[in-house]
Every structure is written in structure tokens, then in C-alpha cells.
Amino acid sequence: MRHIISVLLENESGALSRVAGLFSARGYNIESLTVAPTDDPSLSRMTIVTSGSDEIVEQITKQLNKLVDVIKLLDMTAHPHIEREMALIKVRVGEAADREEVKRLTDIFRGRIIDVTQQTYVIEITGEGSKLDAFLEAVSPFPVLEVVRSGVMGIARGDVALQL
């Protein structure tokens, strides 16, 4: 089963390495990893997507809690939550008809064209991973030159919050 684990940890050099090393040493796979500072510059928030049985994820959370850098963590999957991913997609659109069709598809998926040249569009799109996959499938008739995906970010709904 897929799990999204959000972790508040010290914003120090080596913290990411220790978390990644924990997963590596125990043979757990990280499907997606995003890290950024929080509103408190001494803390970072890490979102890890992994998969495994409930017992394996329980072991992962216990091991993460033992790391000195980890302040608090939350298995988002256990609560109603919102998850999003962002992608930047560069598509070749040499002909006017291609430009119109890619713009129409971008509008349908509520994306934005954020850069335009004579030959290319760069499209920004956010949503669940399945939406991004569907958009990539929709623009597949056009030459896709490059795709950059952010990895999953998540936040719990309602009163549940990962905070100190």
C-alpha cells in the first residue's frame, strides 16, 4: 500500500542524507521525496512517498522517530488529506495548429503556458499524479522535449496538522 509520510526535521546539513540512508540500509524504496524549509527557518518539511504493508510503514516511522534530526512525523495516509504534484513540460509546437491544440489541452487540464518561443511551449500543471499522467498522455502526439516533476506534497485536511 502506498503511504505519504510528512516529516518535520532540523534544517541542517546531513539530515536528508540520514533519512535517505535509513531507507537504503533497510531496503525500503522511496518513490518520491520533496524537501523545503518551513516558515521556521530552523526546520524543514520532508514528504516521503513509499509503499509497503502497514507493518513495514510502522517500522519506517519508528526508525524515523529515532533519528535525532526528526522532530515530528505524520503518516498522511491515515488521515483525510490533499496531495499535489507539479510538472513542467516542454513541448515542441512548430505549426499554428499544434500551438492551438496544445493550448486547448492545457486549458482543459487547467494548466498554464509559462514560456513561449517560436518552436516550444513550457507548460506548468499541478494536481494528483494521475492528472499529470493523463495530461502527458494527451500531449503525447506532440514531441515532448522535457518533463520535470516535483514529487508529491501533501497536507492533512481539517484539524490534523504537522506542527510543533
Side-chain angles (χ1 to χ4, degrees), residues 1-9 11 15-17 19-20 23-24 28-52 57 60-61 64 70-163:
M1 182 178 171
R2 180 176 176 266
H3 286 263
I4 301 171
I5 302 169
S6 286
V7 182
L8 276 181
L9 68 160
N11 188 7
L16 172 61
S17 175
V19 171
F23 277 76
S24 173
Y28 305 136
N29 186 37
I30 297 174
E31 295 176 13
S32 167
L33 176 68
T34 57
V35 185
T38 65
D39 54 339
D40 178 349
S42 69
L43 298 176
S44 290
R45 183 177 176 132
M46 177 182 292
T47 304
I48 305 164
V49 178
T50 189
S51 58
V57 172
I60 291 171
T61 57
L64 284 170
V70 172
I71 308 296
K72 193 173 182 181
L73 66 84
L74 177 68
D75 183 355
M76 304 290 276
T77 315
H79 307 279
H81 65 279
I82 300 165
E83 62 180 81
R84 292 290 184 267
E85 192 175 339
M86 185 176 89
L88 300 175
I89 303 154
K90 186 182 294 182
V91 180
R92 182 173 305 283
V93 286
E95 304 295 324
D98 294 348
R99 285 192 284 277
E100 281 301 314
E101 180 61 11
V102 170
K103 182 175 180 338
R104 189 182 71 81
L105 290 169
T106 301
D107 290 342
I108 289 171
F109 282 84
R110 297 185 182 169
R112 295 184 323 143
I113 297 171
I114 58 172
D115 187 62
V116 175
T117 68
Q118 291 283 12
Q119 298 294 315
T120 64
Y121 282 169
V122 175
I123 301 156
E124 173 189 292
I125 188 163
T126 59
E128 293 193 9
S130 59
K131 176 183 174 183
L132 276 54
D133 293 339
F135 181 75
L136 286 168
E137 177 67 27
V139 296
S140 66
F142 305 95
V144 176
L145 303 176
E146 192 173 2
V147 177
V148 181
R149 292 175 78 144
S150 66
V152 173
M153 298 178 285
I155 191 166
R157 290 180 177 265
D159 293 336
V160 177
L162 182 63
Q163 62 183 16

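Sequential numbering from 1 along the given sequence is applied to the chain's residues.
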[atom1]-[atom2] distance between [X] and [Y], expressed to the nearest 0.5 angstrom:
| X | Y | atom1 | atom2 | result |
| --- | --- | --- | --- | --- |
| I5 | L33 | CD1 | CG | 11.0 Å |
| D98 | Y121 | CG | OH | 9.5 Å |
| I155 | I4 | CD1 | CD1 | 12.5 Å |
| T126 | M153 | OG1 | CE | 8.0 Å |
| N29 | S24 | CG | OG | 10.5 Å |

Is there a side-chain contact between [X] and [Y], using heavy atoms and a 4.5 Å cut-off?
| X | Y | answer |
| --- | --- | --- |
| L73 | D75 | no |
| I113 | V122 | no |
| V7 | I48 | yes |
| L9 | M46 | yes |
| R2 | V152 | yes |
| I123 | V91 | yes |
| R84 | M86 | no |
| K131 | F109 | yes |

Closest non-hydrogen atom pair between [X] and [Y], with its separation:
| X | Y | result |
| --- | --- | --- |
| P37 | N11 | CB-ND2, 4.2 Å |
| G151 | S32 | CA-OG, 3.1 Å |
| E83 | H81 | OE1-NE2, 3.1 Å |

Listed partners of E124 passing salt bridge (charged side-chain N to carboxylate O under 4.0 Å, His left out), at least two apart: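 E124 satisfies salt bridge (charged side-chain N to carboxylate O under 4.0 Å, His left out) with R112 only.
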
With sequence neighbours excluded, residues passing salt bridge (charged side-chain N to carboxylate O under 4.0 Å, His left out) with K103: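 Partners of K103 under the salt bridge (charged side-chain N to carboxylate O under 4.0 Å, His left out) test: D107.
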
Partner set under side chain to side chain contact (heavy atoms under 4.5 Å, CB included) for S6, not counting sequence neighbours: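 With sequence neighbours excluded, S6 shows a side chain to side chain contact (heavy atoms under 4.5 Å, CB included) to R45, T47, M76, L162, given in chain and number order.
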
Set of side chain to side chain contact (heavy atoms under 4.5 Å, CB included) partners for V160, sequence neighbours left out: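 For V160, the residues satisfying side chain to side chain contact (heavy atoms under 4.5 Å, CB included) (neighbours in sequence not counted) are L74, H79, A156.
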
Pair D40, T38: side-chain N/O donor-acceptor within cut-off below 3.5 Å: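 Side chains of D40 and T38: no pair found under 3.5 Å.
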
Any side-chain donor near an acceptor of the partner, E31 and T50, under 3.5 Å: no

Side-chain donor/acceptor of K90 to backbone N/O of V147, under 3.5 Å: no

Partners passing ring pair (Phe, Tyr, Trp, His ring centres under 6.0 Å) against F142 (at least two apart in sequence or in another chain):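 F142 satisfies ring pair (Phe, Tyr, Trp, His ring centres under 6.0 Å) with no residue once adjacent residues are dropped.
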
side-chain hydrogen bond (donor to acceptor under 3.5 Å, both in side chains): pairs with one or both residues in residues 146-160, sequence neighbours excluded: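 Found E85-R149, D133-R149.
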
CA sep, side-chain torsions, deciding dist, call: L43, I71, side chain to side chain contact (heavy atoms under 4.5 Å, CB included): CA-CA 9 Å; L43 298 176; I71 308 296; 3.8 Å; yes

